[in-house]
Amino acid sequence: MTSRMVGGLIASLLVCFTTALHAKALVVGFSQIGAESAWRTAETESVKSAAKERGVDLKFSDAQGKQENQIKALRSFIAQKVDAIILAPVVETGWEPVLKEVKRAKIPVVLLDRGIKVSDPTLYTTLISPDFVNEGREVARMLAEKTKGTAKIVELQGTPGSAPALDRKKGFDEGIKAFPNMQIIKSQTGNFNRAEGKQVMEAFLKSEGKNINAVYAHNDDMALGAIQAIEEAGLKPGTDIVIYSIDAVKSAFEAMIAGKLNGTVECTPMLGPKAFEAIDRVRAGEVLEKWTKQEDKNFPQEIAAAHIASRMY
Ligand code: GZL
């Protein structure tokens, strides 16, 4: 090689090195609700591992279930000049002001697993979530089939004001309308967590006792709490009182195989890769669908054993 060629080679290597140095990692802020359920923890893990795989610098904030902490986190992401924001909004309302600040800072927002109500749809790029209303309808269908259309139901609702709680109730109410002998006799929030699900179920058993023959829980963690309460009351969950829920977490499959849970509807938390794909597309100038809809799957008790080995969360 002539000295000119060696010089040229060194120069081009230097250019590659400096560009690589300046191609800074993408910085993404992730405002997560908390760790209220196994599902939520699985979602956090999915986002963190997808960020790691992509070499994304992820700024993670756990709001401990409080909207004001999420709003603080969003303002901090603006101050840090992040390239994009992932937001799992604890409730549907109260986001307009802070999302206007984010928009002014020209930071794209991807909503994860829960929707929001805003007058200006440009305040977020897309919502990656399932159809919660359909999930409620599917539980109603499975419960109607199991009880032949006659059931005195107690309902464990998710977090008040959250999209999944509002829409899973809406869908279930629609689903049982066709069955006059299926009534919800008690309905209360258990905040999507096992402890509160157990406490509320204990109260239902105290006030309604033998009158109850079905439980509709908006998520598996509350259903698992209800199962504990039913057993402690000397009754057999899954037979004396049938139980249906949503999420399809691994412990729900274990409960179904033990005959204590009668069915669950899958709502996948493995949304990390999709969140970063959406961010890449937005940054490349694409306009995304407002709703990146995730498909659900029903898991009645009968098929739990065949599927548990392949469960990812
Ligand atoms: C659903 C998600 C819900 C889960 C719960 O997308 O928002 O929140 O069903 C979780 O387990 O707490």
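Quick note: residue numbers are just sequence positions, from 1. Heavy atoms only: backbone and side chains are in, while hydrogens, waters and symmetry mates are out.
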Would you find more than 12 non-hydrogen atoms of other residues, nucleotides or ligands less than 6.0 Å from K169 atom NZ?
yes

Run the side chain to side chain donor-acceptor pair (under 3.5 Å) test on T189 and E196 for me, step by step, so that the C-alpha distance in whole Å, both residues' side-chain angles and the decisive distance to 0.1 Å come before the verdict.
CA-CA 8 Å; T189 183; E196 288 186 57; 5.6 Å; no

Are F253 and L261 linked, directly or through other ILVMFWY residues, by side chains that come within less than 4.5 angstrom of each other?
yes

For the residue pair S162 and F192, what are the closest heavy atoms and their distance?
OG-CE1, 3.8 Å

With the 4.5 Å side-chain cut-off for hydrophobic clustering, are M312 and I308 part of the same group?
no

Are L99 and I116 packed together at the side-chain level, in the sense that at least one heavy-atom pair is separated by less than 4.5 angstrom?
yes

May I have the step-by-step check of side chain to side chain contact (heavy atoms under 4.5 Å, CB included) for K293 and E295, ending in yes or no?
CA-CA 7 Å; K293 188 175 163 190; E295 293 310 319; 4.1 Å; yes

dist L271:CG -> E43:CD (nearest 0.5 Å) comes out at 5.5 Å

Taking V82 as the starting point, is it possible to reach V282 by hopping between hydrophobic residues whose side chains are less than 4.5 Å apart?
no

Does E289, at its CD atom, have more than 12 non-hydrogen atoms belonging to other residues, nucleotides or ligands within less than 6.0 Å?
no

Non-hydrogen atoms of P300 and M256 that approach each other most closely
C-SD, 4.0 Å

How are the rings of F172 and Y216 set relative to one another: parallel (under 30°), tilted (30 to 60°) or perpendicular (over 60°)?
parallel

Would you say NZ of K198 has more than 12 non-hydrogen atoms from neighbouring residues, nucleotides or ligands within 6.0 angstrom?
yes

Rounded to the nearest 0.5 Å, what's the gap from CG on L224 to CZ on R194? Could you check?
4.5 Å

With rounding to the nearest 0.5 angstrom, report the CG to CG distance, D62 to N69.
8.5 Å

Looking only at heavy atoms, which two atoms of F30 and V47 are closest? And how far apart?
CD2-CG1, 3.5 Å

Under 6.0 Å from the ring centre and within 45 degrees of the ring axis: does the NZ or CZ of R311 meet both conditions for the six-membered ring of Y313?
yes

For the pair E202 and K206, evaluate salt bridge (charged side-chain N to carboxylate O under 4.0 Å, His left out) and give the outcome as yes or no after the intermediate values.
CA-CA 6 Å; E202 283 164 349; K206 263 201 196 86; 5.9 Å; no

Could you state whether V215 and I227 fall into the same hydrophobic cluster, counting links through intermediate Ile, Leu, Val, Met, Phe, Trp or Tyr residues with side-chain heavy atoms under 4.5 angstrom apart?
yes

Any side-chain heavy atom of L205 sitting closer than 4.5 Å to one from I241?
yes

For T264 and A248, the nearest pair of non-hydrogen atoms, with its separation, is OG1-N, 3.1 Å

Is any side-chain heavy atom of K210 less than 4.5 Å from a side-chain heavy atom of L235?
yes

Should D221 and R40 count as an ion pair when the cut-off is N to O under 4.0 Å?
no

Stepwise, does the side chain to side chain donor-acceptor pair (under 3.5 Å) test hold for D113 with S129?
CA-CA 4 Å; D113 91 79; S129 85; over 6 Å; no

Does the structure place the NZ or CZ of K146 under 6.0 Å from the centre of the six-membered ring of Y244, at an angle of no more than 45° from the ring's axis?
no

Is it true that E277 and R281 make a salt bridge, defined as a side-chain N closer than 4.0 Å to a carboxylate O?
no

Considering non-hydrogen atoms only, spot the tightest contact between E138 and V265 and give its length.
CB-CG2, 4.1 Å

Are the charged groups of E174 and K177 less than 4.0 angstrom apart, N to O?
no

Mind listing the closest non-hydrogen atom pair of D57 and K59 along with its distance?
OD2-NZ, 3.3 Å

Atom pair CG (L26) and CG (L58), whose distance is rounded to the nearest 0.5 Å
10.0 Å

Any chance NZ of K117 has more than 12 other-residue heavy atoms, nucleotides or ligands included, within less than 6.0 Å?
no

Can you tell if the side chain of P237 reaches within under 4.5 Å of the side chain of Q228, non-hydrogen atoms only?
no

Between L74, V102, D83, which is the residue that forms a side-chain contact (heavy atoms from CB on, under 4.5 Å) with I107?
V102

Spatial distance of atom NZ (K48) from atom CZ (F60) [nearest 0.5 Å]:
4.5 Å

Check for me whether K290 meets the cation-pi criterion with Y124, that is, NZ or CZ under 6.0 Å from the six-membered ring centre and within 45 degrees of the ring axis.
yes

So, the side chain of R114 versus the backbone of A163: is there a donor-acceptor pair under 3.5 Å, distance only?
no

Applying side chain to side chain donor-acceptor pair (under 3.5 Å) to T44 and Q32, what does each step give before you reach the verdict?
CA-CA 7 Å; T44 296; Q32 177 58 295; 3.0 Å; yes

Hphob cluster co-occupancy, V249 + M142, side-chain heavy atoms under 4.5 angstrom
no

Would a distance-only check, ignoring hydrogens and angles, find a side-chain to backbone donor-acceptor pair under 3.5 Å from Q294 to T292?
yes

Approximate separation, where rounding is to 0.5 Å, of H218 NE2 and S245 OG:
11.0 Å

May I have the step-by-step check of side chain to side chain donor-acceptor pair (under 3.5 Å) for E53 and S49, ending in yes or no?
CA-CA 6 Å; E53 263 163 46; S49 51; 5.0 Å; no

Donor-acceptor side-chain pairing of Q80 and S76 below 3.5 angstrom:
yes

With a 4.5 Å heavy-atom cut-off, do R104 and E101 have their side chains touching?
yes

Can you list the steps and then say if E208 with K152 is a salt bridge (charged side-chain N to carboxylate O under 4.0 Å, His left out)?
CA-CA 10 Å; E208 295 297 333; K152 293 265 183 285; over 6 Å; no

